[in-house]
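So the structure is just underneath, and the comments pick up after that.
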Amino acid sequence: MCGIVGYIGNKNISSVLLNGLKKLEYRGYDSAGIAILKNKRICVVKTKGRLAVLEEKLKNEKLNGFAGIGHTRWATHGEPNDVNSHPHISNNGKIAVVHNGIIENYIKLKDFLTGKGFEFRSETDTEVIAHLIEYNYKGDILKAVMNTMNDVEGAYALGVVCTDYPDRFVAARKDSPLIVGIGNNENFIASDIPAILEYTRDIYILEDKEIVSITADGAEIYNLLGEKVDREIFHVDWDVSSAEKGGYEHFMMKEICDEPSVIKATINPRIQNNKIVFEKLNISDELIKNGSMLEF
Ligand code: GLU
């Protein structure tokens, strides 16, 4: 589990992203990074290691901008290093993506995209998302992300910025948590409430296979059919320490209540067309039938 934050508004953007990521440190991570939209360009700063290392790097960068996304990574595909850290950028440099989760069919998608001339820089499953959005992009970033969501299998929370949309960013989720924070002329996304509680207590809880288009004025949620979804604002009236416990009185109670969704998120990506698939392990039916698979 890692963390995602996103911000659009007039505050100092790298501080808001960094503060948010710090509040998500409890989720565990091995690297961190941010992407900020500035003058129709995307500036990325990312690094292996703790947020303190990122913070140090940011001191030399003097980044400002109106919209940005941030990420703490817990590596699943590719070792923790600077290149594999998120955000990942599309080949044309117009799209940056942060991703929490696992893309199960990334090998198939990588082969497809390589055949179309895309070049991969990292070993991550996530990089296919950045290139796939570029491939699907025909002038409408929301549609491009929706089509990409239809192409990928697995679990994801996503934050996406695109240079053609300097006053907007897009987020989406399936089987990984994501909330939208609604502020006053500023808006947020985050993997969990504590990341934004300092700025707002009004949130939308995104549901599976939903996508949200976020400007400083508001957030519009859509389903994968492109239909607008009405969502009630959830007002968080817990104090900060309860928010860290998801509103539960004790962490143990939170962990007990989290179990069904955690088990679902772990198992779901491995069930495809009613079959259990362990693609990455490369276990043949033969091996399983022989019962000789226990030595890895
Ligand atoms: N699977 C992605 C990676 O290895 C994202 C991992 C995460 O959720 O942090 O980069």
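Throughout, residue positions are numbered sequentially from 1 according to the sequence presented. Both ligands and their constituent atoms are indexed starting at 1 by order of listing. All values reported here derive from a predicted model rather than from experimental measurement.
Note on ring orientation: taking the six-membered ring where Trp is involved, the planes of F188 and Y199 are parallel (angle under 30°, cut-offs 30° and 60°).
Within the listing of ligand 1, atoms 5 (C) sit less than 4.0 angstrom from a heavy atom of H99. For ligand 1, the atoms sitting less than 4.0 Å from at least one non-hydrogen atom of N100 are 8 (O), numbered in the order shown with element in parentheses. Atom numbering of ligand 1 starts at 1 in the shown order; those under 4.0 Å from a heavy atom of H86 are 2 (C), 3 (C), 5 (C), 10 (O). Taking every non-hydrogen atom of R73 and a distance limit under 4.0 Å, the qualifying atoms of ligand 1 come out as 3 (C), 4 (O), 9 (O), 10 (O).
Listed by chain and residue number, E198 satisfy the salt bridge (Lys or Arg N to Asp or Glu O under 4.0 Å) test with K23 (two or more places apart in sequence, or in another chain). For S31, the side-chain contact (heavy atoms from CB on, under 4.5 Å) test picks out R73, P80, S85, with sequence neighbours left out.
At least one N or O atom of T76, backbone or side chain, sits closer than 3.5 Å to an N or O atom of ligand 1. Between G101 and ligand 1, at least one pair of N/O atoms sits closer than 3.5 Å.
A distance of 12.5 Å separates OH in Y137 from OG1 in T148, rounded to the nearest 0.5 Å.
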Point to revise | Intermediate values then yes/no, side-chain hydrogen bond (donor to acceptor under 3.5 Å, both in side chains), T200 and D202 | key: CA-CA 6 Å; T200 181; D202 289 336; 4.8 Å; no

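A side-chain contact (heavy atoms from CB on, under 4.5 Å) with S213 is found for one member of I221, L142, I141 and no other, namely L142.
Not a single heavy atom of G78 lies less than 4.0 angstrom from ligand 1.
Heavy atoms of other residues, nucleotides or ligands lying less than 6.0 angstrom from NZ of K11 number more than 12.
Under 4.0 Å from ligand 1, the heavy atoms of T124 that appear belong solely to its side chain.
In this comparison of W74, Y156, Y106, the heavy atom closest to atom 6 (C) of ligand 1 sits on W74.
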